[in-house]
Amino acid sequence: FERLVALRPDDLDARGDYAQALLATGREEEALALANGSAHPALARLEAWIRQNRGEDRAAVAAYARALTKEPSDAMSWNNLANIHAKVGN
C-alpha cells in the first residue's frame with residue numbers, strides 16, 4: 001500500500017486502505033497522519049475513530065461531521081457521534 005500511495009497520492013481509496021492497514025498493525029500515528037483533515041468519508045471516519053478512542057472528543061465530532069457530509073446514511077458514524085454526545089452530556 002505504501003508504494004501505491006506514493007505512486008498515486010490522489011487515490012483516496014488506496015490511502016484509506018493503507019491507513020486501515022497501518023492502524024491494524026499498531027501504527028496509529030501514521031494512520032492518523034494519512035487521515036487527518038480528509039473529506040474522504042473512509043479517511044474522515046478513521047480519523048474520528050482514532051480521536052474518539054484518544055478522548056479527543058471535539059476533533060472526533062468534527063471528523064465524523066466530515067464523514068457524514070459525504071455519506072449521510074453511515075450508521076456507524078452516527079452511532080459513534082451519538083456516543084460522544086452522550087458522554088459529554090449533549
Side-chain angles (χ1 to χ4, degrees):
F1 285 119
E2 184 175 7
R3 183 164 165 77
L4 177 59
V5 170
L7 291 171
R8 298 173 59 186
D10 294 332
D11 185 337
L12 296 179
D13 291 326
R15 189 182 212 63
D17 290 341
Y18 182 41
Q20 286 284 0
L22 288 169
L23 185 61
T25 57
R27 296 166 62 184
E28 184 177 284
E29 288 300 323
E30 292 171 81
L32 183 57
L34 280 174
N36 191 44
S38 180
H40 186 274
L43 289 166
R45 187 179 319 108
L46 179 70
E47 176 192 352
W49 187 85
I50 291 170
R51 294 195 182 284
Q52 182 179 2
N53 284 323
R54 291 179 171 190
E56 300 171 11
D57 296 329
R58 286 186 183 171
V61 167
Y64 281 127
R66 287 195 315 274
L68 289 164
T69 296
K70 299 285 184 161
E71 289 186 359
S73 63
D74 177 10
M76 184 183 304
S77 291
W78 281 115
N79 180 70
N80 291 344
L81 186 58
N83 288 337
I84 293 170
H85 285 294
K87 175 184 160 192
V88 300
N90 286 344

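In this text the structure is predicted, and so the values were computed from the model without any measurement.
- Between E29 and R54, at least one side-chain nitrogen of the basic residue sits less than 4.0 Å from a carboxylate oxygen of the acidic one, meeting the salt-bridge criterion.
- Cluster membership for V61 and W78, using ILVMFWY side-chain heavy atoms within less than 4.5 angstrom, is shared.
- To the nearest 0.5 Å, the span separating CG on N80 from OH on Y64 amounts to 3.5 Å.
- Heavy-atom minimum distance, A44 versus S38: CB-O, 3.5 Å.
- With rounding to the nearest 0.5 Å, the separation of OG1 in T69 from CG in D74 is 11.5 Å.
- Remark: side-chain polar atoms of W49 are not paired, donor with acceptor, to backbone N or O of S77 under 3.5 angstrom.
- In this structure, the separation between CZ on R45 and CD on E71 is 5.0 Å, given to the nearest 0.5 Å.
- The closest side-chain heavy-atom distance from R51 to L32 is below 4.5 Å.
- At a threshold of 4.5 Å between non-hydrogen side-chain atoms, the residues E28 and N53 do not count as touching.
- To the nearest 0.5 Å, atom CD1 of residue I84 and atom CZ of residue R58 are 12.5 Å apart.
- Interatomic distance, CD of Q20 versus CG of L43, reported as 8.5 Å (0.5 Å rounding).
- Residue L46 comes nearest to A19 through the heavy atom pair CD2-CB, 3.2 Å, listed as atom of the first residue, atom of the second, then distance.
- I50 and L12 fall into different hydrophobic clusters, where Ile, Leu, Val, Met, Phe, Trp and Tyr residues are linked whenever their side-chain heavy atoms come under 4.5 Å apart, directly or through other members.
- L34 contributes atom CG, which lies 11.5 Å from atom CG of D17 (distance to the nearest 0.5 angstrom).
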